[in-house]
Structure formats: structure tokens, C-alpha cells
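Throughout, protein chains are lettered first and strands after them, A, B, ... in sequence-line order, and every chain is numbered starting at 1.
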Amino acid sequence: MTETSDQGKDPLVAGRREQHQKILESGGYPHRYDRTHLADDLHRLFSDLAPGSETDTRVSVAGRLMLHRSFGKLQFGTLQDVTGTIQLFVDRATLGDDGANRFSEVDLGDWLGASGVIMTTRKGELSVRVDDFVVLQKSLRPFPDKWHGLHDIELRSRRRYVDLMVNEEARNVARARTVVVAELRRQFETRGFIEVETPVLLREATGAMARPFATHHHALDMDMYLRIATELFLKRLVVGGMEKVFEIGRIFRNEGVDSTHNPEFTMLEAYEAFADYTDMMTLVEEVIPEVARAVTGGTKVSYQGRELDLTPPLRRATMTDLVSERLGHPVDLDSDKGELAGWAGELGIEVEEVWSQARLISEIYEQAVEPEIWAPTLVTHQPVEVSPLARRNPDDPRLADRFELVVAGSEYANAFSELNDPDDQRERFEAQAVARAAGDLEAHPVDEDYLLALEYGLPPTGGLGIGVDRLVMLLTDQAHIREVILFPTLRPESQP
RNA sequence: GGGCCGCUAGCUCAAUUGGCUAGAGCAUCCGGCUCUUAACCGGAGGGUUGCGGGUUCGAGUCCCGCGCGGCCUACCA
């Protein structure tokens with residue numbers, strides 16, 4: 001891990017540098033290369049070619065050399081491009097002595113362009129009979145083990161480019177991620193949502209309960225924060241009459257790093273005027289299965305060795321019902337506080353004296369219920385106390401018209417009917433401000449500008465947030481968020 | 001943040017209870033080979049065992065500190 005970018009003394013690098021120098025002295029590398037076919041094209045076009053065939057079809061291919069086998073007068077190379085691999089067949093009779101000698105000097109990892117006619121070997125391997133080739137750029141670095149590849153998790157994360165070269169799984173996950181994002185975008189666009197961009201750099205980080213990253217604007221001499229949500233800006237746009245908006249955006253939270261948390265992650269948030277949380281349920285039940293279909297071809301997926309069925313309708317349950325079920329005893333917001341605290345204590349939860357019934361139920365849910373939920377479940381009616389931006393339920397104003405999509409013990413989406421009463425919103429903010437003053441760095445700050453926007457009138461609105469990274473994890477069967485983020489946050493490599 | 005574990009050649013991995021010159025495969029270099037699929041065969045080179053200190057006749061192995069990573073745990077999506 002401690003090698004630096006200049007290793008002239010390393011014999012493995014020195015040999016490659018020698019070749020590199022030779023190429024530079026004899027005219028250097030080409031600035032471009034005309035490729036006629038991708039590897040995948042060739043396999044598709046010539047899938048019927050019998051073993052030992054020769055054709056008149058001349059093609060040019062380009063890619064990175066992954067394998068090289070030499071038989072003296074005959075050589076085989078495996079060239080990998082963005083679509084797959086194609087074999088290069090190099091014999092002296094075709095390429096000539098000079099060319100063949102030059103080819104015997106190429107190293108694993110070099111970028112090559114090669115042209116020749118299509119053929120199949122006696123064993124039937126589709127190949128390009130190389131009559132001309134060029135080194136497009138040498139790789140000066142030793143290549144990972146051609147069979148075992150790169151296993152070290154740290155190296156794979158730090159040098160994702162090498163991981164992508166040698167590990168097909170890494171390429172598949174990266175591709176699946178783009179499919180997820182593209183399909184999410186398509187699903188919302190086809191439903192009439194407009195994609196917008198809201199600020200990342202803010203005077204105050206609002207819209208969620210989390211610690212922000214702090215920075216400073218020098219010209220304005222002003223402390224600023226990276227956003228922790230897009231919520232309040234998107235709702236301002238609904239106030240402005242953009243009735244259906246969404247944003248797929250990078251969010252930054254200055255909190256712990258573990259298998260499901262990276263300091264920067266991607267969230268989709270969508271808001272729809274004249275809709276409520278039940279409309280958001282329908283939206284989730286439509287969109288998530290469509291994304292699953294786009295990635296896996298179906299709505300039943302296997303995650304970490306267990307089956308998951310994302311086919312709608314999804315199971316629905318209220319938070320208090322789930323907690324009651326877990327306790328084997330009915331509880332709700334009217335339950336005795338001491339009794340609830342007793343249940344919580346039995347579950348190993350460290351109860352604080354000041355906690356209300358709402359907080360106790362919510363803590364029991366988070367610590368003892370949510371981790372046990374496997375099948376996709378829409379958990380509804382969280383207490384208002386833990387939902388500072390959600391609208392109250394008309395039947396019980398202590399509960400929010402809200403739901404979370406929980407799958408395999410984790411939260412994948414969070415949605416509610418948006419609180420649009422400016423006075424109620426002010427009171428919620430002020431309750432948060434008390435906690436903030438008491439040292440809770442994650443409590444929501446009062447956002448006066450947002451309150452002003454609410455006073456202009458937010459129509460009844462449904463809002464939805466989807467954790468994109470986790471969705472990718474679910475659909476690619478990855479247990480760690482670092483596997484679905486190309487360049488996860490890491491400490492700097494230690495220097496010698 | 002706390003606890004436990006790991007770090008050996010470019011890569012993937014060995015090394016018995018603290019004991020011989022730290023080994024193997026791939027990669028590299030040299031030689032052989034015109035149909036391989038991780039080609040094969042013969043030979044060679046390659047190590048401050050993460051970094052720093054300590055114990056010991058002797059440390060990859062034991063102890064202490066530091067760095068990076070992993071797992072669990074706590075907060076969060």
C-alpha cells in the first residue's frame with residue numbers, strides 16, 4: 001500500500017519504462033485509434049463461425065491486454081474492451097518477424113489497438129488474426145494476479161480503476177448503479193415530475209436531523225454547510241408552483257462510516273402537490289419494482305442468501321402495531337410511560353428519564369423491530385415527535401401521516417404528507433431548537449426563510465425520499481455500501 | 001467513539017511451540033515450443049514481514065506505541 005507514483009527502482013516497473021521509452025523515441029503513441037468493432041459486436045456477428053474458420057472480414061479492435069500466451073512463433077492475447085474480451089491471434093507468417101517480436105514485448109495491462117481478419121482457432125475461439133497492431137499506451141505498473149485478481153478490500157476501494165480492470169463483479173455493480181439511477185429518473189419523468197437542482201452549499205443545513213460538514217466562504221467571509229437533505233428547497237419550489245419536482249442528489253452527513261453509511265451518498269427526493277402519503281405509497285410500490293425489473297429482470301431478488309419479493313402490494317403496518325407485536329402486548333401512545341420504559345429496558349435499551357411515550361415506542365421500534373423486518377414493509381404512522389416536517393394524522397394528531405419502506409432490516413424510503421401549516425412548523429422547529437441548545441448537534445435548526453415560504457402557502461403535498469445507494473446494494477446483492485460507491489470515503493493511505 | 005481481529009514479494013497466499021538462508025503460484029527476466037484458454041517445460045532474480053521501540057542467545061511469531069483496514073457495537077439513510 002505504500003508504493004508511490006514513481007518507482008524507477010522497481011524492476012517490474014523498470015522493464016515497462018524501458019519499453020515506454022523505446023516507443024517515445026520511435027514516434028510516440030497515437031492520439032486516436034479507429035476501431036471498427038467492439039468485442040461484444042464480434043461475438044454476436046460471428047457466433048456461428050465453425051472452429052478452424054478463416055474469413056475475409058477485416059476488423060480493428062482496441063482494449064487492454066489481459067492475458068498473453070506465447071509459443072515462440074505463435075502468440076495469443078486476450079484484449080478487453082468495455083463490452084468484453086476478444087482473442088488476438090498473432091503468428092509470424094501474418095504479422096512478420098518485426099511485428100511478432102514487438103508483440104512479444106507487450107505487457108499485461110497495455111492498451112493495444114489491433115487489426116486483421118476474423119478467424120476461429122482449431123478449438124473454436126473467435127480471434128482477430130493480427131496483421132497490424134499499435135501500443136496505444138503502455139501500463140507502467142505491474143498487473144494484479146491474472147487468476148486471483150485483486151482481493152484486498154482496501155486496495156480495491158483505493159484503486160477502483162484496477163478493481164474495474166480485473167474484477168467483473170466490480171464492473172457489473174458499477175453498471176447496475178447507472179441502470180438504477182437511469183430507471184429512477186425515467187420513472188419519475190414519465191409520471192410528470194420535473195428534475196431540478198437545488199443548492200449544496202448552504203448557510204444552514206436543514207431538512208433532516210444530522211450533523212453537517214462545515215466549510216467557509218472566503219470572499220463572503222461566511223461559514224457554510226454542505227446540505228444534509230434537499231427537502232426544504234424542493235418544497236419551496238412547490239410553493240412556487242412547480243407542482244411535481246424531484247432531485248437525485250448527493251447528500252453529505254458528518255456521521256459514522258460503516259457497511260451502510262458513507263459520508264456522501266445519493267438520495268432521490270420527490271414532491272407532488274395535491275397528493276398525500278398514501279399517494280407516495282402507491283408511487284413507491286410502482287417505482288421500486290420497476291427499478292428492480294430493470295436491473296434484475298424481475299421483482300423477486302435474492303439478498304445475502306435470502307429471497308425478497310418486491311412485487312406489490314407490499315405489506316403495511318403501523319409502527320405501534322409492529323411494536324405491540326414484538327412485545328406480545330398491545331401498546332400505543334396512551335400506554336403507561338413506566339410500563340413502556342420497562343419493556344424497553346427488558347430489550348436492553350438505555351432509557352432516558354425525559355423520553356415520552358412516543359419516543360419510547362420509536363426507540364423500541366428502531367432497536368428491536370426494524371432490524372428484524374425482512375420482507376418489504378411500509379411502516380406507517382410514526383410519532384410527530386420524531387417527524388418534525390410531516391403533517392399530523394387527522395384522527396390522532398400525535399401521529400404523522402408518514403411511512404418508511406423497510407427491507408432486510410434497513411430503511412430504503414421515507415415519505416409523508418408534508419406539513420404545510422407555517423405556525424405548526426414554527427412550533428416544531430422551536431422544539432428542535434430546544435434540543436439543539438441542549439447540545440443535540442443533530443437537532444433541526446429553525447429555518448426562518450423556509451417558514452416565510454410556507455406563509456406564502458404550500459399546497460397539500462406528498463413527499464418521498466429514496467436512498468439510492470442502498471437500493472443499488474439490494475439489487476446487486478452487496479452487503480457493503482463501499483461496493484456500490486466507486487470511490488468511497490477513506491482515510492489517506494499512510495506514507496512510509 | 002468503544003471492543004476484537006488483520007497487515008509477509010507487484011498480486012493471491014504459506015511459514016508447527018520463539019529456532020536453519022522467510023517459501024509457493026501468478027507476474028518479471030533468460031531459454032524452448034505454430035492452436036493456447038490461468039498454455040506448458042527448464043532456469044534466474046525479487047523481502048527493512050505496515051512503521052517505530054522493547055524482551056530474548058535468537059522475533060514474521062511475544063510486549064508497548066503509532067498508521068491503515070476489516071468485523072462487531074453506538075449514532076445516522
Side-chain angles (χ1 to χ4, degrees), chain A residues 1-3 7 9-16 18 51-52 66-78 85 87-95 100 105 107-109 119-127 129 139-159 162 166 208-212 228-229 251-269 348-350 363 366-367 370 404-406 410-414 440-442 465-471 473 479-482 488 490-496:
Chain A
M1 289 303 299
T2 54
E3 62 176 323
Q7 280 215 329
K9 282 179 280 184
D10 185 335
L12 295 176
V13 173
R16 287 166 181 258
E18 216 173 283
M66 302 302 288
L67 294 169
H68 184 206
R69 303 175 280 278
S70 170
F71 288 76
K73 292 198 176 73
L74 188 63
Q75 300 174 69
F76 298 90
T78 300
T85 60
Q87 178 164 273
L88 301 181
F89 184 97
V90 176
D91 73 330
R92 273 186 195 280
T94 307
L95 189 56
E105 288 177 342
D107 289 297
L108 295 186
M119 58 164 282
T120 50
T121 62
R122 286 175 202 164
K123 296 270 174 63
E125 180 81 20
L126 186 69
S127 308
R129 180 186 288 280
S139 171
L140 301 178
R141 287 279 153 185
F143 214 57
D145 190 292
K146 67 187 178 189
W147 181 244
H148 296 99
L150 197 61
H151 277 192
D152 185 81
I153 291 165
E154 187 179 352
L155 261 183
R156 286 184 44 233
S157 302
R158 288 193 196 281
R159 301 190 195 167
V162 182
V166 301
M209 303 208 280
R211 279 187 75 174
I228 56 174
I251 302 298
F252 306 84
R253 294 188 184 174
N254 205 341
E255 283 162 356
V257 176
D258 64 26
S259 63
T260 56
H261 297 86
N262 195 63
E264 52 178 311
F265 62 102
T266 301
M267 191 144 77
L268 180 150
E269 285 195 43
I349 297 167
E350 285 181 39
E363 290 289 336
E366 277 178 24
Q367 297 194 37
E370 188 175 279
E404 294 178 323
L405 169 63
V406 177
S410 285
E411 207 180 301
Y412 286 78
N414 181 22
D440 184 351
L441 295 167
E442 290 175 5
I466 296 174
V468 173
D469 310 85
R470 287 192 180 171
L471 187 55
M473 287 169 65
H480 302 94
I481 198 168
R482 61 162 182 260
L490 293 170
R491 281 199 175 85
E493 211 172 313
S494 60
Q495 293 300 320

Handout entry: B:A38 versus B:G53 - spacing of their C1' atoms, nearest Å
Key = 44 Å

Fill in the blank from the handout: Sorted by position of nearest nucleotide on RNA chain B, 5' first, the leading residue of A:Ala208 and A:Asp91 is A:Asp91

Exercise for the section: Can you tell me, in whole Å, how much space there is between the P of B:G19 and that of B:G25? Expected result: 24 Å

Exercise for the section: Determine the contact category for A:Gln75: base if any of its heavy atoms lies under 4.0 Å from a base atom, sugar-phosphate if only primed atoms, P, OP1 or OP2 are that close, otherwise nothing. Expected result: nothing

Problem - Distance in angstrom units between A:Glu18 CD and B:U28 C1', rounded - result: 12 Å

Exercise for the section: Would you mind classifying the nucleic acid contact of A:Tyr412 as base, sugar-phosphate or nothing, using non-hydrogen atoms under 4.0 angstrom? Expected result: nothing

Exercise for the section: Using whole Å, report how far CG of A:Asp258 lies from P of B:C75. Expected result: 11 Å

Handout entry: Short side-chain N/O contact to B:C13 OP1/OP2 from A:His151, under 4.0 Å
Key = yes

Practice task
Measure from the side-chain N and O atoms of A:Arg253 to the backbone N and O of A:Ile228, and report whether any donor-acceptor pair falls under 3.5 Å.
Solution key: yes

Completion exercise
When every non-hydrogen atom of A:Glu264 is compared with those of A:Asn262, the smallest separation belongs to O-ND2, 3.0 Å

Practice task
Can you tell me the distance, in whole Å, between the CE atom of A:Met209 and the P atom of B:C75?
Solution key: 13 Å

Exercise for the section: Would you indicate what A:Arg491 reaches in the nucleic acid, counting non-hydrogen atoms under 4.0 angstrom: base, sugar-phosphate, or nothing? Expected result: sugar-phosphate

Exercise for the section: For B:G65 and B:C41, measure between their P atoms and round to the nearest Å. Expected result: 49 Å

Handout entry: Distance in angstrom units between A:Ile153 CD1 and B:C11 C1', rounded
Key = 16 Å

Handout entry: A:Thr121 side-chain proximity, nearest of B:G69, B:U37, B:A27
Key = B:U37

Completion exercise
Closest to the side chain of A:Leu108, out of B:C26, B:A27, B:C76, is B:A27

Practice task
Please state the C1' separation for the pair B:U49 and B:G42 - nearest whole angstrom.
Solution key: 30 Å

Exercise for the section: Name the nucleic acid region contacted by A:Gly465, choosing base, sugar-phosphate or nothing; use a 4.0 angstrom heavy-atom cut-off, strictly under. Expected result: nothing

Practice task
Mind checking A:Asn414 for me? I need base, sugar-phosphate or nothing, with any heavy atom below 4.0 Å counting as a touch.
Solution key: nothing

Exercise for the section: For A:Leu74 and B:G32, give me the distance from atom CG to atom P, rounded to whole Å. Expected result: 16 Å

Fill in the blank from the handout: Residues at least two apart in sequence or cross-chain that pass side-chain contact (heavy atoms from CB on, under 4.5 Å) with A:His68, listed by chain then number, are A:Leu65, A:Gln75, A:Phe103, A:Val106, A:Leu108

Exercise for the section: Determine whether A:Val468 and A:Phe265 make a side-chain contact, defined as any pair of heavy atoms from C-beta on separated by less than 4.5 Å. Expected result: no

Problem - Integer angstrom distance from the C1' of B:C63 to that of B:U21 - result: 28 Å

Handout entry: Short side-chain N/O contact to B:C71 OP1/OP2 from A:Arg482, under 4.0 Å
Key = yes

Practice task
Please check if the side chain of A:Thr120 supplies one atom and the backbone of A:Gly52 the other of a donor-acceptor pair under 3.5 Å.
Solution key: yes

Problem - Same-atom distance (C1') from B:G54 to B:A44, integer angstrom - result: 39 Å

Handout entry: Integer angstrom distance from the C1' of B:G60 to that of B:U16
Key = 14 Å

Handout entry: Validation row: A:Phe143, A:Asp107 side chains within 4.5 angstrom (heavy atoms)
Key = no

Practice task
Could you give the distance separating B:C5 and B:C66 at their P atoms, to the nearest angstrom?
Solution key: 16 Å

Exercise for the section: Could you state the atom-to-atom distance from CD of A:Glu154 to P of B:U12 in whole Å? Expected result: 11 Å

Practice task
Assess whether side-chain contact (heavy atoms from CB on, under 4.5 Å) is satisfied between A:His480 and A:Ile153, documenting all intermediate values.
Solution key: CA-CA 11 Å; A:His480 302 94; A:Ile153 291 165; over 6 Å; no

Problem - Distance-only donor-acceptor test, A:Asp152 side-chain atoms vs B:C68 base atoms, 3.5 Å - result: no

Practice task
Could you tell me whether the side chain of A:Asp91 and the main chain of A:Thr94 form a donor-acceptor pair under 3.5 Å?
Solution key: yes

Fill in the blank from the handout: Ranking A:Gln87 and A:Gly149 by the position along RNA chain B of their nearest nucleotide, the one closer to 5' is A:Gly149

Practice task
For A:Asp469, answer base if it contacts any base atom (sugar-phosphate contacts may also be present), sugar-phosphate if it contacts only those atoms, and nothing otherwise; contact means non-hydrogen atoms under 4.0 Å.
Solution key: nothing

Handout entry: Nucleotide opposite B:G6 in a Watson-Crick or G-U pair, distances under 3.5 Å
Key = B:C68

Fill in the blank from the handout: What one should report as the nearest heavy-atom pair of A:Thr266 and A:Asp469 is N-OD1, 2.7 Å

Exercise for the section: Using a 4.0 Å heavy-atom cut-off across all strands, classify A:Glu125 as base, sugar-phosphate, or nothing. Expected result: base

Handout entry: Protein-nucleotide distance (A:Arg16, atom CZ; B:C29, atom C1'), rounded to Å
Key = 13 Å

Exercise for the section: Return the nucleotide paired to B:C62: Watson-Crick means purine N1 to pyrimidine N3 with N6-O4 or O6-N4, wobble means G-U with N1-O2 and O6-N3, both under 3.5 Å. Expected result: B:G54

Practice task
Can you tell me the distance, in whole Å, between the CD atom of A:Glu366 and the P atom of B:A74?
Solution key: 12 Å

Practice task
Would you tell me if any nitrogen or oxygen in the side chain of A:Gln367 comes within less than 4.0 Å of OP1 or OP2 on B:C75?
Solution key: yes

Exercise for the section: Quick one, give me the B/S/- string for nucleotides 39-47 of chain B, reading 5' to 3', where B means a protein heavy atom under 4.0 Å from the base and S means that only happens at the primed atoms, P, OP1 or OP2. Expected result: B--------

Exercise for the section: Look at atom CD of A:Gln367 and say whether more than 12 heavy atoms of other residues, nucleotides or ligands are closer to it than 6.0 Å. Expected result: yes

Problem - A:Arg211 vs B:C75: side-chain N/O to OP1/OP2 distance below 4.0 Å - result: no

